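Since the structure is predicted, the reported quantities are computational estimates derived from the model, not experimental observations. In the text below, chain A, chain B and the rest are named by the order of the sequence lines, each starting its count at 1.
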Amino acid sequence: MPELPEVEVVRRGLEEILKDQPVLKKVELMRADLREPIPAKKISTLIGEKLLSVERRAKYLLLWTKKGALLSHLGMTGTWRVAPKGDERAHDHIYLHFGGGLRLAYRDPRRFGCFDYVKDPQKHPKLAELGPEPLNADFTGEVLWESLRGKTVALKVALMDQKIVVGVGNIYASEALFAAGIKPTLESRRLSKERAEVLVAEIKKILSRSIEQGGSSISDFAQATGESGYFQTTFRVYGRGGEPCVTCGQQVRTKILGGRNTFWCSHCQK
DNA sequence: CTCCTATCCTGCGAGC
DNA sequence: TGCTCGCAGGATAGGA
């Protein structure tokens with residue numbers, strides 16, 4: 001589910017739910033590992049603390065207490081939900097119990113997600129090497145262009161590289177390139193500065209529009225995190241291989257790039 | 001260094 | 001209906 005917009009929607013939902021909650025009373029692990037072992041002992045540092053805010057960095061969530069944060073990555077299939085007593089489901093791996101009786105469940109069938117305890121984000125190995133946030137003002141066409149210098153990988157692969165820019169995953173990479181009229185197979189170093197500006201503008205536009213639409217699903221956050229109407233309705237190329245391009249009618253092409261299926265229109269994207 | 005591939009894991013839809 | 005196959009929104013290790 002989660003690229004940047006979905007994680008941001010989850011962040012907002014979690015922050016709303018956790019606002020004014022009493023202290024975290026118990027962390028219940030239903031298994032010892034996901035993609036990696038869950039550091040239960042370190043995480044237990046947070047017990048007895050209030051959750052003060054929820055931060056998003058790239059596709060990571062940081063649930064902050066004054067002692068440190070619980071780091072949560074949703075992988076491909078991770079979700080958070082409010083799970084009242086009786087609402088236990090297969091693949092619930094972690095329950096957070098709060099003083100007032102609220103229980104939050106982390107569910108992740110494929111277990112590609114991960115957890116950690118973070119004290120200083122700057123020093124955390126998973127966070128330290130991340131590239132710029134696409135929605136921040138410091139992510140500009142020039143910055144992107146600079147970081148693509150000399151790179152021979154397909155532009156679409158570079159967009160999914162979290163060192164170049166964070167939060168753009170397989171769907172939004174295809175969608176942003178379509179919106180910018182740039183073919184995903186273009187060698188990264190061949191992107192002109194001018195076209196980099198266009199691409200950055202489209203990335204920002206598409207991510208923020210998606211967050212806005214996902215925002216409407218915050219109310220049913222407890223049921224189905226992140227599954228906003230955006231997905232079914234507004235993809236222009238993703239998942240539409242062989243179908244006519246929404247702009248010109250030519251067949252949408254597909255190709256595996258960086259191990260992931262990629263969609264584009266060779267008439268509209270040069 | 002950079003780039004590419006395989007891999008972790010379960011669920012679901014397509015096709016037989 | 002039931003089975004198998006291929007594919008799925010991420011990230012990383014290891015090899016070339």
Side-chain angles (χ1 to χ4, degrees), chain A residues 1-11 30-38 56-61 71-80 89-94 106-116 124-131 134 146-178 184-190 203 206-207 210-211 213-214 217 224-243 254-263:
Chain A
M1 234 161 264
E3 297 183 38
L4 185 147
E6 293 70 49
V7 179
E8 177 60 23
V9 170
V10 172
R11 184 198 72 76
M30 308 306 285
R31 55 177 303 131
D33 56 64
L34 298 174
R35 200 171 67 205
E36 300 165 4
I38 302 166
R56 180 190 58 73
R57 173 73 176 108
K59 298 171 196 164
Y60 292 91
L61 292 165
L71 182 76
S72 162
H73 192 292
L74 305 176
M76 292 270 217
T77 53
T79 53
W80 281 103
R89 306 186 196 177
H91 311 296
D92 280 353
H93 304 312
I94 297 188
Y106 176 77
R107 179 170 185 271
D108 185 0
R110 286 177 77 181
R111 306 204 299 268
F112 285 179
C114 66
F115 280 90
D116 205 350
H124 193 278
K126 288 193 161 56
L127 303 175
E129 305 295 317
L130 292 170
E146 275 293 339
S147 56
L148 296 177
R149 216 171 242 224
K151 285 207 168 293
T152 58
V153 283
L155 180 55
K156 185 259 189 172
V157 175
L159 286 183
M160 292 177 63
D161 181 343
Q162 304 297 297
K163 289 197 185 79
I164 289 175
V165 58
V166 303
V168 179
N170 201 38
I171 291 177
Y172 294 105
S174 281
E175 292 295 315
L177 285 164
F178 179 81
T185 52
L186 184 74
E187 253 193 310
S188 297
R189 61 180 175 177
R190 305 268 179 231
I203 290 171
I206 215 159
L207 294 179
S210 175
I211 292 171
Q213 304 208 12
S217 71
T225 304
E227 290 199 42
S228 66
Y230 180 81
F231 282 98
Q232 292 82 359
T233 57
T234 64
F235 293 158
R236 298 210 279 164
V237 283
Y238 183 84
R240 302 193 57 249
E243 295 176 33
T254 68
K255 187 179 183 180
I256 306 294
L257 289 178
R260 321 303 296 275
N261 213 350
T262 307
F263 303 84

I want to check one thing: is the phosphate of [N], taken as OP1 and OP2, less than 4.0 Å away from some side-chain N or O of [X]?
| X | N | result |
| --- | --- | --- |
| A/Arg260 | C/dG10 | yes |
| A/His73 | C/dA11 | yes |
| A/His91 | B/dG11 | yes |

Taking B/dC9 as the reference, what is the distance to C/dG14 when you measure between their P atoms (whole Å, please)?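 That atom pair is separated by 16 Å.
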P atom, B/dA6 versus C/dG6: distance in rounded Å?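 15 Å, rounded to whole Å.
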Counting heavy atoms from C-beta on, name the nucleotide in [options] closest to the side chain of [X].
| X | options | answer |
| --- | --- | --- |
| A/Lys151 | B/dC9, B/dT2, B/dG11 | B/dT2 |
| A/Tyr60 | C/dG10, C/dA11, B/dC3 | C/dA11 |
| A/Glu3 | C/dG10, B/dC4, C/dT12 | C/dG10 |

Indicate, with a heavy-atom threshold strictly under 4.0 Å, whether A/Gly259 touches base, sugar-phosphate, or nothing.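 A/Gly259: no heavy atom of the nucleic acid under 4.0 Å.
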With heavy atoms under 4.0 Å as the rule, sort A/Asn261 into base, sugar-phosphate or nothing.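 Answer is sugar-phosphate: A/Asn261 comes under 4.0 Å of backbone atoms only.
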Whole Å only: how far is the [atom1] atom of [X] from the [atom2] atom of [N]?
| X | N | atom1 | atom2 | answer |
| --- | --- | --- | --- | --- |
| A/Arg189 | B/dC3 | CZ | P | 9 Å |
| A/Lys126 | C/dT12 | NZ | C1' | 9 Å |
| A/Asp33 | B/dT7 | CG | P | 19 Å |
| A/Leu74 | B/dC9 | CG | P | 19 Å |

Name the residue closer to the 5' end of DNA chain C, choosing between A/Arg110 and A/Pro125 according to the nucleotide with the nearest heavy atom.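 First, find each residue's nearest nucleotide; the 5'-ward one identifies A/Arg110.
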For a quick test of reading the model, state the closest non-hydrogen atom pair linking A/Ile94 to A/Met30 and the distance between them.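 Smallest heavy-atom distance, with atoms named: N-CG, 4.4 Å.
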5'-most contact on DNA chain B: A/Arg35 or A/Ala90, nearest heavy atom basis?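 With A/Arg35 and A/Ala90 compared, the 5'-side residue is A/Arg35.
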Does the side chain of A/Ser210 pick up a donor-acceptor pair with the side chain of A/Tyr172 at under 3.5 Å?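 Result is yes, a qualifying pair exists.
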By a 5.5 angstrom centroid cut-off and a 30 degree plane limit, is there stacking between A/Phe112 and C/dA11?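 Answer is no, no stack.
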Given the side-chain rings of A/Phe115 and A/Tyr106, with only the six-membered ring counted for Trp, is the space between their centroids under 6.0 Å?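 Close enough - the centres of the two rings lie under 6.0 Å apart.
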For B/dC3, the Watson-Crick or wobble partner whose two distances fall under 3.5 Å: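 Its partner is C/dG15.
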